[in-house]
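Accompanying notes for the structure given below.
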Number of protein chains: 2
Amino acid sequence: MPNDQVITVRGEGQLAARAGHLFTGVNKEFLCAATDMDTWSQPSTRTVIAARMQPTIQQRDLTVRKLYTSAALADAGQREQLLQLLGIGAQVRICEAGLPHETIIIDRRVMILAGPWVQGDREFTVTTSPGLIGPVHALFDATWEAAASLADRLELPLIGPDGRAILRTLGAGMTDEVAARSMGISLRTYRRRVAELLRALDSDSRFQAGLRAGELGLSP
Amino acid sequence: MPNDQVITVRGEGQLAARAGHLFTGVNKEFLCAATDMDTWSQPSTRTVIAARMQPTIQQRDLTVRKLYTSAALADAGQREQLLQLLGIGAQVRICEAGLPHETIIIDRRVMILAGPWVQGDREFTVTTSPGLIGPVHALFDATWEAAASLADRLELPLIGPDGRAILRTLGAGMTDEVAARSMGISLRTYRRRVAELLRALDSDSRFQAGLRAGELGLSP
DNA sequence: CATTCGCTGACAGCAAACTGCCATTGCCCC
DNA sequence: GGGGCAATGGCAGTTTGCTGTCAGCGAATG
């Protein structure tokens, strides 16, 4: 029962020095999970990695899957970066739960786990042990499957706080008349709002709209 | 940069011998992710572990979270075991994606990762490295959040294959008349089916039913 | 064979939802 | 002030959805 290959390095400098070559070796699959895209203290690190990877991702059948939380959508700059990622062929998904620590898996053979920030630096744990990587990869897959694709998430801000109120009344099963009165608007206007909502959700019927709203997690 | 504490053992016997004491030390939190409950080749292992843990879970404020795939619901015997788990205070959730390898995290201090089966035995990777456990714990959390609670999953088998067909037509936004014709049944019968579906989904309106169906993932 | 039961379908009536049209209101800009 | 402009509400008419009732059909049961 040998100690598997697990090394711990402190700071991005050491990571680049001791594991930088692993990024260039990416061959088939590159997985990454993090809260948002603002994870490298030195901007150069990002650009260097991106520059190294870009030729690879386009030539071969490389799969790049990036998983972020909705925090990545809050900032306009990061949205821009996300779209760039999509542009170069990466898959991006957004999950609701938190992903506090950065996790990177390359070709199922190398895994890099980032620890919490300590004095402006992070500790990185790098391993090539299949026994460690397999289960983590499985967990990543499960989270990935449950997460919404970025494209879906970018579509739905069409529904303003006004539409949300309509959604609530509809979700509560109210009659149009009751709902309109509870919102203090006329029946006609309420139905206009509903019609707008249906259009926004690209639906032909109320059931369909409800289904889509439920799928997109617009209920709470 | 020290080698963190990572050991690899082969077979449940060795695991029990070298890491068995860690199970009794569980204090605040016990996480477990696996495809189904049939993960121990020796039935005794399960009962031993359960016996060791049961007193703990009830006395202190111990959190036990078990994450399985829907495979665990297919077998009647496993459903029974799941209900027992609920009975002793464990939280159980079901996720749609696959969770091929068993993953156990205890108190955020010990992590046990199971590898694939090889000749009736598995290789277990046991570690106490925070750098490894933290990120995996985060991934577990994310998967957990996205998964449906077992209680929800046990409720909804009310909808038979017949109801699914109705769901599809409704989800497609068809008019009742079109849907009825496409299914080769009369308008009256179709509406009867819809009414049954609404009752099954405990809904007052079609929108509400759609919303619930969407939330429960009944769309595909 | 007769009866009962469950499911289906047709008809009818009603409630709810959808839409077009127009008058009104409030607001911004010229 | 006057002229758009957008949002709202009222009205009317149509469509769609909902349900009760009853007759027909077939299978199971006696």
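Remember, predicted model here, so these are calculated numbers, not experimental data. A, B, ... follow the sequence lines: proteins, then strands. Residue 1 opens every chain.
- Nearest to the side-chain atoms of A:T175 among the listed nucleotides C:dA16, C:dT8, D:dC18 stands C:dA16.
- In this structure, B:D176 does not pair ionically with B:R193, as no charged nitrogen and carboxylate oxygen lie closer than 4.0 Å.
- Protein atom CG of A:D176 is 14 Å distant from nucleotide atom P of D:dG9, rounded to whole Å.
- Rounded to an integer number of Å, the gap from CZ of A:F207 to P of D:dC18 is 11 Å.
- Note: CD (B:Q208) to C1' (D:dC18) measures 16 Å, nearest angstrom.
- Here B:L187 lies out of heavy-atom contact (under 4.0 Å) with every strand.
- The nearest heavy atom of DNA chain C to B:S205 and to B:G184 marks one nucleotide each, and the one closer to the 5' end goes with B:G184.
- Between A:S186 and the phosphate of D:dT8, there is no side-chain N or O to OP1/OP2 separation shorter than 4.0 Å.
- Listed nucleotides: C:dG9, C:dC18, D:dT8. Nearest to the side chain of B:T189: C:dG9.
- To the nearest angstrom, P of C:dT8 lies 10 Å from CD1 of B:I166.
- To the nearest angstrom, P of C:dC14 lies 18 Å from CD of A:E177.
- Salt-bridge formation is detected for the pair B:R65/B:D141: a Lys NZ or Arg NE/NH1/NH2 atom is positioned less than 4.0 Å from an Asp or Glu carboxylate oxygen.
- Looking only at distances, no side-chain donor or acceptor of B:E29 sits under 3.5 Å from a matching main-chain atom of B:T63.
- Between A:R206 and C:dA17 there is a side-chain N or O to OP1 or OP2 distance below 4.0 Å.
- When only modelled atom types and interatomic distance are considered, A:T143 and B:T143 share a side-chain donor-acceptor pair under 3.5 Å.
- At the phosphate of C:dA17, OP1 or OP2 sits under 4.0 Å from a side-chain N or O atom of A:R191.
- Classified by interplanar angle (parallel below 30°, tilted 30° to 60°, perpendicular above 60°), the ring pair B:W144/B:F140 is parallel.
- Dashed line: the shortest gap from a side-chain N or O of A:R193 to OP1 or OP2 of D:dT8 is under 4.0 Å.
- Computed from coordinates, the B:D204 CG to D:dG17 C1' distance equals 15 Å when rounded to whole Å.
- A:R199 has its CZ atom 12 Å from the P atom of C:dC18, to the nearest Å.
- Counting to the nearest Å, the P atom of C:dA12 and the CZ atom of B:R188 are 15 Å from each other.
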